[in-house]
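First the structure, in the form of structure tokens, and then the observations on it.
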Amino acid sequence: MAEEKIIMAGFGGQGVMSMGQLLTYAGMLEDKNVSWLPSYGPEMRGGTANCSVIVSEKQVGSPVITNDATSAIVMNLPSLDKFEKDVVEGGNLLINESLIERKAERSDLSIYYIKANEIANEIGNSKVANMVMLGAYLELTKIVKVESVIEALKKVFGPAKEHLVPMNKEALERGAESIK
Amino acid sequence: MAKMLMKGNEAIGAAAIQAGCKFFFGYPITPQNELPEYMSRELPKIEGGAFVQAESEVAAINMIYGAAGAGARCMTSSSSPGMALKQEGISYIAGAELPAVIVNISRGGPGLGGIQPSQADYFQSTRGGGNGDYRHLVYAPASLQEAVDLVMEAFDVADYYRNPVIVLGDGMIGQMMEPVEFKKSNGRELPAKDWATTGTKEERTPNIINSLALDPAKLEEHNRKLTRKYKEIEKNEVRHEDYKTEDADVVIVAYGTTARIARNAVDALREEGIKAGMMRPITLWPFPEAAIQKVTHTAKALLSVEMSEGQMVEDVRLANEGKLPVHFYGRSGGMIPSPDEIADKVKEIIGGVK
């Protein structure tokens, strides 16, 4: 891995910001160079939310990802519409099939359809759909270890919410299985 | 201390507290709100620390005037239109020779403008929006680690020179997350604050904090004293970073997050065999004139890249002293230049100077 540039997008409440932060945190725990840049502004209220995460072996240059994303994780249709064009040729496009009915238009990408919400509901909490997507992404790229994400989760949750870790771990694992 | 993943605004607040900042006065404005939010949560936990949400930016900067006059380490922050309101107070603070750290997480203008990243406050920061012959240091961090380091340094520099110091980041610096580490500052020897209004206890003559001097001769004397101090700052505090400038045909001049984008452009151009480099001012005032003059001996052209319609380019031209062609590329209003756009501009210039 030289450099992964990931766009994560969905609507507010789908946990795209925290999914990005966990990946960033995990990268930091593995001593990689990382940056996390959120979209901020009025579009966050009810519309799409997105963040750009860079995990790199070298110093992170621009934290902005324009049309050079190596991967995109899209959780809803407006996000697919907006970011499909921004992935580089040969990059990964992970689509939340539970909420997005249309197929990808590009044929020069590795495209994965993941029933993130169904899987999350089977686990028992629709809120972990983001972790299902992240699990699938990590299985594909292996840019950080799943254990590092779990470690990051523990730090972010703190002792009071540590009981939520197993559910999130299961979501990561189920996400990984879904694309095998 | 281990690395922590923090949002820029929070990291700046944490750095200020590490540097001994006890007081924060501010008024909300996007995209810097996490900074006062952080201070409102953390400062009350510190003995003698206080956070006040003022009724306006004007009130907040005058609270800084008061707290700084009493010798306390204090900070205020705002974003572009709010910084415009603070300019009168900054002029008074500079005139009264008080140390204070002021953070501007800037956004698009003029007027209320927008909330996305912008560097259109270069003139405001380096020329001063307030009245009179005054100057202040302007630090422009390009990463969160640098923001943390410079905020901590800013408190020492402000105390050392008895002068306000501005830390200028754009909205991206405020909103992004990166790992940061809090390191001890290099420990300048700082003079005692024997000028502060701390109460005479009837043991000394009263200290007076003032910027009014009606006698022209006295005011000129004061102005000359300030000028000597500003010359000292120009001599001692200039900072910049050179990136692949030694053999560069085109040297990009860019600061803050724009410099990170320009760095990507330089790398991409180098891969194509085009000799590009970058000089990144870390202090905007004093401007790294010597660094510009140095590359005029080896480069063929300069290119100022900014998130503005062209402000720093004037300082580049002044430092260049007419030696090389000076070009400009800018995006504004919250639009962010891409590495491709910058690379294309360099190619256009190379085509012209060959």
Side-chain angles (χ1 to χ4, degrees), chain A residues 2-3 5-6 8 16-45 49-70 85-86 88 144 148-149 151-157, chain B residues 2-9 11 30-34 79 105 107-108 114-117 142-146 170-181 241 243 254 256-268 278 280 305 307 331 334-343:
Chain A
E3 188 165 66
K5 296 182 168 190
I6 314 109
M8 301 179 176
V16 294
M17 296 301 190
S18 43
M19 168 168 55
Q21 286 180 11
L22 283 171
L23 178 60
T24 312
Y25 206 129
M28 180 182 80
L29 291 175
E30 293 185 10
D31 269 332
K32 296 188 163 82
N33 296 293
V34 291
S35 70
W36 175 89
L37 181 70
S39 62
Y40 65 93
E43 81 272 18
M44 282 171 72
R45 299 184 188 102
N50 68 78
C51 62
S52 303
V53 175
I54 299 179
V55 182
S56 181
E57 297 291 356
K58 55 180 188 165
Q59 184 183 347
V60 176
S62 169
V64 185
I65 302 173
T66 37
N67 53 1
D68 55 349
T70 53
K85 64 177 179 2
D86 293 331
V88 293
V144 298
S148 303
V149 175
E151 192 61 33
L153 262 172
K154 285 180 185 162
K155 298 214 165 154
V156 173
F157 280 159
Chain B
K3 278 187 183 171
M4 295 167 72
L5 186 65
M6 289 184 94
K7 205 169 193 184
N9 284 328
T30 305
Q32 59 86 58
N33 283 324
E34 296 85 356
S79 179
I105 300 297
R107 54 189 248 180
I115 60 171
Q116 298 301 321
S143 70
L144 298 199
Q145 184 60 57
E146 193 173 54
D170 58 67
M172 260 187 284
I173 288 286
Q175 293 297 320
M176 70 187 286
M177 286 179 111
E178 279 185 325
V180 291
E181 231 176 325
E241 181 198 6
Y243 184 65
T257 45
T258 305
R260 299 173 65 140
I261 300 165
R263 180 189 290 264
N264 286 21
V266 168
D267 289 344
M278 177 177 67
R280 175 173 76 91
V305 181
M307 286 193 281
R331 298 296 302 267
M335 298 303 288
I336 298 166
S338 72
D340 290 349
E341 289 167 35
I342 299 170

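Chain identifiers are assigned alphabetically (A, B, ...) following the order of the sequence lines, protein sequences preceding nucleic acid strands; residue numbering begins at 1 within each chain.
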Exercise. Among the options P179(B), A262(B), A259(B), pick out the one with the most heavy-atom pairs lying under 4.5 Å from chain A.
Key: P179(B)

Quiz prompt | pair D340(B)-N67(A): side-chain heavy atoms closer than 4.5 Å | solution = yes

Quiz item: Do R260(B) and V60(A) come within less than 4.5 Å of each other through their side chains, counting heavy atoms only?
Solution: yes

Quiz item: How many angstroms lie between OG1 in T24(A) and CE in M176(B), if you round to the nearest 0.5 Å?
Solution: 9.5 Å

Quiz item: Once you round to the nearest 0.5 Å, how far does CE of M172(B) lie from OG of S35(A)?
Solution: 10.5 Å

Check [X] against [Y] and note the closest heavy-atom contact, atom names and distance.
X      : Y       : value
G61(A) : N264(B) : CA-OD1, 3.2 Å
W36(A) : Q175(B) : CZ3-O, 3.6 Å
M28(A) : M4(B)   : SD-C, 3.8 Å

Quiz prompt | V34(A) versus chain B, the contacting section by heavy-atom distance below 4.5 Å | solution = both

Quiz item: What part of Q59(A) is in contact with chain B, defined as an atom under 4.5 angstrom from a non-hydrogen atom: side chain, backbone, both or neither?
Solution: side chain

Exercise. Measure distances from I336(B) to the heavy atoms of chain A and classify the residue's part below 4.5 Å as side chain, backbone, both or neither.
Key: side chain

Self-check item: Segment of P337(B) engaging chain A (4.5 angstrom heavy-atom cut-off)
Solution: neither

